[in-house]
Amino acid sequence: MINQDRILAEFLELVQVDSVSGHERALADLLASRLKELGLDVYEDGAGAVTGGEAGNLIATLPARGPERPLLLVAHMDTVEPGRGVRPVVENGVVRSAGDTILGGDDKAGIVTILEVLRVIKEDQLVHGGLEVVFTIGEESGLLGAKHLDHTRLRSSTGYVLDCDGPAGTIVMQAPAQDKIEAVVRGRAAHAGINPEDGVNAIAVAAHAVARMNLGRIDEETTANIGVISGGKATNIVPDFCRLEGETRSLTGHKCRAQTAAMVEVLETTAARFGARVEVTTQTLYHEFKLDESHPAIVVAQKAAENLGLVSRLVKTGGGSDANIFNARGITCVNLGIGMQKVHTTEEFIRIDDLVTNARYLLEIIRVANAGDR
Ligand code: ZN
Ligand code: CA
């Protein structure tokens, strides 16, 4: 039986274990021992060493009880800042932080959901086709854990990532690709009061370029942003250096690349016009995915919601998640809403009811996935 007190206690415990991206060691150790207690084989991969983090991804497997049909369950261990020293406050059926940090329900609500389901499966000796649980590192710092995950260890062809806002029943079946753009504009330094005509102002060149860019919402499925700019040393020096960082996203991959190319082009033509140089690097952080509504991962999630009287909603999102990486590697994954709210802010909160519903919903998904009555 799903146990609300147990879920809440474990959630409060986990949010108090610091796990800011790159510093997941303490949480990984705690979760590894908990997964072992629940009867899973636990392996920690080498992603931490590759990404400069303290811990690797945890890959845990539970052998099938009944016919084999392995299913992947994913949540991420890391949190954003300010995420150290979280003091959860429980009030009126809601868990929030004391106000000086995030709560970390993103994504510890996902982790707690998976642990509670594993516990119920063990206690009630439920039939299932085998579970593969992956707790990733570095999701918030660019899906680093998922990207460096040792995928050869996984046998599942379908999975569920528990890492989205919206209530249980929210099923993300489409997510964008994202490119990162970094540019360094190099001008020429000169004294601003004595010989400015000898200088090429890198900040002014960058400003011209940014002003010429098409930014914000490009079309219904494409966005672009310049989010960081820095450069210059003093007011009396014509700056020879200005650095820009930006991103593009689109639900259609080629639109993302086209928008990136357009921004690079603006940087290059503007720099040339003003006699500056520009070094641009672009990187595709992840690819888009779009699942067919008839895919079993979606059909099962919809049927499970229906069985519990939850409203199921197929949605597209503007954000990437570990699901983007798994889909690109051939494991079809949707991302599920787990009721977390105002994530990445100090006002983050989650309702206890949602924590309980998440567990009921995931358990039903596993049941439906194996029942063959879908
Ligand atoms: Zn998350
Ligand atoms: Ca997040």
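All figures in this text were calculated on a predicted structure; none of them were measured in a lab. Nothing fancy with the numbering, it's 1 onward along the sequence. Both ligands and their constituent atoms are indexed starting at 1 by order of listing.
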Regarding C164, does it place an N, O or S atom less than 2.8 Å from the Zn ion (ligand 1)?
no

Hey, do the aromatic rings of F274 and H208 have their centres closer than 6.0 Å?
yes

Could I get the full list of salt bridge (Lys or Arg N to Asp or Glu O under 4.0 Å) partners for E123, not counting sequence neighbours?
R6

Could you check which N/O/S atom of H76 is closest to the Zn ion (ligand 1)?
NE2

Quick check on side chain to side chain contact (heavy atoms under 4.5 Å, CB included): which of N358, T113, V120 does L363 satisfy it with?
V120

Looking at the Zn ion (ligand 1), is there an N, O or S atom belonging to D106 that lies under 2.8 Å away from it?
yes

Starting from F241, walk the hydrophobic network (Ile, Leu, Val, Met, Phe, Trp, Tyr; side-chain heavy atoms closer than 4.5 Å) and list everyone else you reach, by chain and number.
V184

May I ask you to check whether D163 brings an N, O or S atom to under 2.8 Å from the Zn ion (ligand 1)?
yes

